[in-house]
Amino acid sequence: MTIVKLALLLGGLFGPCAALQTTKGWRAEKALPFSMCAHSLLLFAFGMFLPFSWCVSGLLALDALAWLYAVKRSGSVSGLLHVFKDPVWWLTVLIVPALYYACCNRRLMSYDEYSHWGLMIKNIVAFDALPRRGAGAAFVLYNYPPMGALFPAMVCRIFGYRDGMAYFGYELLLLTLAAGLVPPEAMTARKSAAYGGSLLCLTTLFPFSVLRLFSEPMIALLFALCLRPVFRREADGMERLADLCAAMALALTKNDGIFFVALALAVRLAAGAKKERRNCLKDGTAAALAYAAYALYRAANGIASNYQPETGSRLADWLSGHLAKPFSDVPGLFVSVFFSRKFPQAGVYSCYALGVSAAVLFAALTLICAWIVLLSVDRKKTARLFGALYAGQALYLLMLMATYMFFFAEDEAQWLAEFDRYVSLPALLIALTACMALTWNESRMRTRSGAAMLAMTAALIPLDHPELMCETFITREAVVKTLWENSGTDAVVAFLRENMELSTMRRLYLMGDCRYIFLYEQLMPQAMAEAQRADSMEAMQKRLDEGRYDYAFVGNLEPDGFLAQGGLQANTLYAVVYDEAGRATLERACLLYTSPSPRDSTSSR
């Protein structure tokens, strides 16, 4: 049965490829990224209005129609045989089952299955709908656009949600997007084996090099695809449609996806031709409309912003010179960390460090880019390309510094939480652009294959997060143990399931330190857990009044924190009771690790 499902998935992905091959002569490496972006965008567009299962079924039906159209255009089924001569087609067919086995048997794994994106995928599958307040309330706080989760959710819908399946879907997404890095004429049968090995290496290492979350590898690959017009000589209408799809997909990968669209379009304009101005305007407009569509969907479905309300006051404090010390220290800490190898993390996922300092990583990339400029026939154009790219990445780093100062929580700002992941993204963008410049541009090294350039990019990965790679590839069981057994959530989940009435869907408000993400994952779909930051009892009271919750669970508390000072008890489940005026009161239901005790009332004040 698994073989049938794999064939169904690959058949759907290659349906548009077959149609494009017979009508436009597109090879697989040219058509696969377009097919993947189109699948994800259609799932998003239809998913705003229809159940997700309907969207998946309808999309597979469209793929079947694409195959029928390809047969009609070629005259017969045998006329489609030339489609299967494409080495990239065979590489994908051979790699995908191996990838499926590796993911499902934990030979490859990602933290994402225990984090935001894995939870989003589970919510989409469980509620048969895109995230919204009624379906996937955990993401009222994490209002990320769902593009990175849509195709993996489709895979989980076909195969069933189980260990490794979300990661398999995401790896397949990366695999198909990476195919577009190399121009079709560079792919020959002789080079296919080297290309396939490098491609597999690149796609399997990418997620680990940028730590846990799904979005950064997808941003990097879509950004590179948005730069293809810089190197392409001519483009027909279908290629322009592919450019539009890449830009829209990039805008919907994360909240800052629209920034990377603007950056890619600015690099295209700086590198080149006047004819690109109109195309950039069209791509930018399409991306802005896609992002606006998600903003409207979010507003209509009650998905609040994840930006903290004190952001404006922090900005005012900074302008007046009175910004709190943890935030005012960010610029100096940011610069020192950039030039050092090790740095403290927020303490959530242990402490990781770059293999080398970020400054050394960027210096190595700069030397590679300078070498590519010297090899290029049009040195001025290539130099403008990299100059604009580096200027954009400098702007990104400044924005990152400002984000720590104004948007992050205090504990995250003073430790520069996940600095390594965020600073890896510009490095990956530069590395992929270097691949594109050397494989697509006319240069004295044009005989070098795309495989060599992908291997060069993959060679940069060991410089980045060797500790995380070691844990992922060598001590996989230790990672799972750290995430699950040592997190203490199994006992909490058993306690909550035993003491909450779950005959109907319940809404749970989480407070204190109680491993929010793990509880989201394990309680869904019987209970919708939410955690929204509050910095005072008044703010917490407001959230309880507005949320209409059934229960509230308080995790570990700081003795001098406002929750403890307000009379709440650690590791305790409370029932939320509303009076006629709609004001919430907390009534203690049960204390963790003890037998149920008589209910006593504690006002949340």
Side-chain angles (χ1 to χ4, degrees), residues 1-21 26-40 43 56 59-60 63-64 66-67 70 80 83-110 112-113 121 148-182 187 189 191-208 214 217-218 221 450-451 454 458:
M1 191 63 183
T2 299
I3 296 176
V4 175
K5 291 179 178 178
L6 281 173
L8 177 67
L9 182 64
L10 284 173
L13 192 59
F14 277 99
C17 296
L20 289 169
Q21 171 78 325
W26 284 22
R27 294 167 62 109
E29 58 268 33
K30 189 174 181 180
L32 271 173
F34 178 35
S35 176
M36 178 57 73
C37 290
H39 275 80
S40 298
L43 286 172
V56 172
L59 196 56
L60 292 175
D63 292 330
W67 277 108
L80 280 178
V83 174
F84 307 114
K85 295 179 181 178
D86 193 328
V88 171
W89 193 95
W90 281 106
L91 281 170
T92 307
V93 169
L94 293 174
I95 288 173
V96 165
L99 199 58
Y100 172 87
Y101 173 82
C103 292
C104 293
N105 289 276
R106 319 308 292 166
R107 298 298 186 269
L108 296 173
M109 64 174 290
S110 168
D112 280 301
E113 294 196 48
I121 293 168
L150 288 169
F151 187 80
M154 176 178 173
V155 171
C156 291
R157 172 63 65 179
I158 295 174
F159 289 88
Y161 190 95
R162 50 195 172 88
D163 280 353
M165 197 51 57
Y167 187 49
F168 166 65
Y170 185 65
E171 281 289 86
L172 181 55
L173 184 152
L174 291 187
L175 181 74
T176 55
L177 291 179
L181 297 182
V182 178
M187 177 54 64
K191 299 174 183 176
S192 61
Y195 174 85
S198 298
L199 192 62
L200 182 61
C201 178
L202 181 69
T203 56
T204 53
L205 289 181
F206 246 153
F208 308 122
F214 273 176
M218 188 178 181
L221 287 168
L454 288 171

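Please read all numbers here as calculations on a predicted model, not as lab measurements. Keep in mind that the numbers below use all heavy atoms, side chains included, and drop hydrogens, waters and symmetry copies. Sequential numbering from 1 along the given sequence is applied to the chain's residues.
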I need the full list of side chain to side chain donor-acceptor pair (under 3.5 Å) pairs touching residues 149-160, with sequence neighbours left out, sorted by first then second residue. Asp128-Arg157
What distance separates Leu174 CG from Glu171 CD, expressed to the nearest 0.5 Å? 5.5 Å
Of all heavy-atom pairs between Pro16 and Ala66, which one has the smallest distance, and what is that distance? N-CB, 4.0 Å
What residues, two or more places apart in sequence or in another chain, satisfy side chain to side chain contact (heavy atoms under 4.5 Å, CB included) together with Leu94? none
Do Met154 and Leu60 come close enough that some side-chain heavy atom pair is under 4.5 Å? yes
Leu9 side chain near Phe151 side chain, heavy-atom distance below 4.5 Å: yes
Indicate the atoms forming the closest heavy-atom contact of Thr92 with Leu10, along with that distance. CG2-CD2, 4.3 Å
Using every non-hydrogen atom in the two residues, find where Met165 and Gly160 come nearest and quote the distance to one decimal. CG-O, 3.6 Å
Quick one: are Val155 and Ile121 in side-chain contact, heavy atoms under 4.5 Å? no
Taken to the nearest 0.5 Å, the spacing of Leu172 CG from Leu32 CG works out to 9.0 Å
Tell me whether the rings of Phe159 and Tyr100 are parallel (<30°), tilted (30 to 60°) or perpendicular (>60°). tilted
Shortest non-hydrogen contact from Cys17 to Ala31? SG-CB, 3.7 Å
Check the pair Phe14, Asp63 against side-chain contact (heavy atoms from CB on, under 4.5 Å), reporting the backbone distance first and the verdict last. CA-CA 8 Å; Phe14 277 99; Asp63 292 330; over 6 Å; no
How far does NE2 of His39 sit from OG1 of Thr176, to the nearest 0.5 angstrom? 10.0 Å
Look only at the side chain of Ser35 and the backbone of Leu13, and say whether a donor-acceptor pair between them is shorter than 3.5 Å. yes
Here the pair of heavy atoms bringing Ala18 nearest to Trp67 is CB-CZ3, 3.5 Å
Does some side-chain heavy atom of Leu177 sit less than 4.5 Å from a side-chain heavy atom of Cys37? yes
Do you know the tightest heavy-atom contact between Gln21 and Arg27? OE1-N, 3.9 Å
